[in-house]
Protein chains: 2
Amino acid sequence: MSETLKHLLNVDRIIHEPARLMIMAILSATESADFLYLLNATGLTRGNLSSHLTKLEKAGYVQIEKTFVGKIPRTICRLTPAGSEALELYLNQMQTVLNKTITNTEKQ
Amino acid sequence: MSETLKHLLNVDRIIHEPARLMIMAILSATESADFLYLLNATGLTRGNLSSHLTKLEKAGYVQIEKTFVGKIPRTICRLTPAGSEALELYLNQMQTVLNKTITNTEKQ
DNA sequence: GAAGACTGGTTTGTATTGCAAACTTGTTTG
DNA sequence: CAAACAAGTTTGCAATACAAACCAGTCTTC
């Protein structure tokens, strides 16, 4: 069991951060979303959303596209292939660890 | 779905840190463990293990007991009731979020 | 019996974060 | 044209997580 647990140390920290996991999860479900949608869906402040998005972009996990709708700027975000791959890997790892741990806690 | 996800922002950061989740998971399975056992089981350095344990102790999640075996000091750690409660809560929350997210990623 | 190695940790230093608040650039409204 | 609003970005700071240095005591070995 220890071996499974040790995977935790290598878990993707970019995704492990709750705020970013939320963002990734939303993007994985919606294909694409704009800044305001994410803002509302996550409950983050604009500042935090902005910096998390930048971090995800630098990691190559989301692609950020800036356009204008009329004269108002609009930021559209979508998961990259690398992003959804990384998300899937993260989910599987965590899932495995959680299951192991849960069955253990139940045992006693 | 958004509501479930937002729980992520309130997830217990003490437990969310991978190193500490490992420690908590091990303790929940073994009832009690000494420093060296944890050291080996987690693969952490002594310094990190020490400081994570202190943090868990301050949070009231583990109880740390120092004894001597012969002339050699020995540190025994066990989960407190508050600790195992917090762990269980964390596991349930994460489990829920992961399941939601996984079914969403599968949909596409 | 003293030099060095080992046990079992704790403390310190540093670089990275995550968050909130302030700022920016432009647009619309009264 | 002044004030309010939209859509973000940048800045400042306090809290972390890790590694490396340190420490107190014990054992070995020559």
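In what follows, chains carry the letters A, B, and so on, assigned in the order in which the sequence lines appear, proteins first and then strands, with residues in each chain numbered from 1. Since this is a predicted model, take the numbers as computed values, not measurements.
Proximity of A:Lys55 to the phosphate of C:dC19: no side-chain N or O atom is located under 4.0 Å from OP1 or OP2. The phosphate of D:dG8 (OP1 or OP2) has no side-chain N or O of A:Ser50 nearer than 4.0 angstrom. For the pair B:Lys66 and C:dT10, the criterion of a side-chain N or O lying under 4.0 Å from OP1 or OP2 is met. Regarding contacts with the backbone of D:dC18, a side-chain N or O of A:Arg13 is found under 4.0 angstrom from either OP1 or OP2.
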Determine, step by step, whether A:Asp12 and A:Gln93 satisfy the side-chain hydrogen bond (donor to acceptor under 3.5 Å, both in side chains) criterion, reporting the C-alpha distance in whole Å, the side-chain angles of both residues, the deciding distance to 0.1 Å, and the verdict. CA-CA 10 Å; A:Asp12 189 335; A:Gln93 284 185 155; over 6 Å; no
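B:Leu44 comes within contact range of no nucleotide atom at all, as no heavy-atom separation falls under 4.0 Å.
Nearer to the 5' terminus of DNA chain D, by closest-nucleotide assignment, is the contact made by A:Thr54 (compared with the other of A:Thr54 and A:Leu9). Comparing B:Asn48 and A:Ile14, the nucleotide of DNA chain C nearest to each residue sits closer to the 5' end for B:Asn48. Nearest-nucleotide mapping onto DNA chain C: of A:Ile72 and A:Arg20, the residue sitting toward the 5' end is A:Arg20.
Look at NE2 on A:His52: it is 8 Å from C1' on C:dC19, rounded to the nearest Å. In this structure, the CG atom of A:Leu21 is 17 Å from the P atom of C:dT17, given to the nearest Å. Put simply, CD on A:Glu17 is 10 Å from C1' on C:dC19, counting in whole angstrom units. When the C1' atom of C:dC19 is taken as reference, atom CZ of A:Arg46 falls 15 Å away, rounded to whole Å. Between the CG atom of B:Leu49 and the C1' atom of D:dC18 there is a distance of 13 Å, given to the nearest Å. The nearest whole Å value for the distance from the CG atom in B:Leu53 to the C1' atom in C:dG8 is 13 Å. One can place NZ of B:Lys58 at 13 Å from C1' of D:dT16, the figure rounded to the nearest angstrom. To the nearest angstrom, P of D:dC18 lies 14 Å from CG of B:Leu39.
Ion pair B:Arg78/B:Glu65 flagged as a salt bridge, since at least one NZ, NE, NH1 or NH2 atom sits closer than 4.0 Å to an Asp/Glu carboxylate oxygen.
Listed for the B:Thr80 side chain is a donor-acceptor partner under 3.5 Å among the backbone atoms of B:Tyr61.
Residues B:Pro18 and A:His16 share a closest heavy-atom pair of CD-NE2, 3.6 Å.
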Which atom pairs, one a donor and one an acceptor, fall under 3.5 Å between side chains of residues 52-59 of chain A and the rest of the protein, sequence neighbours left out?
| from | atom 1 | to | atom 2 | distance (Å) |
| --- | --- | --- | --- | --- |
| A:His52 | ND1 | A:Arg20 | NH1 | 3.2 |
| A:Thr54 | OG1 | A:Ser50 | O | 2.8 |

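Residue A:Leu36 has its side chain nearest to D:dA7 when only C:dG8, D:dA19, D:dA7 are considered. Side-chain proximity of A:Ala19 to the nucleotides D:dT26, C:dC19, D:dA7 is greatest for C:dC19.
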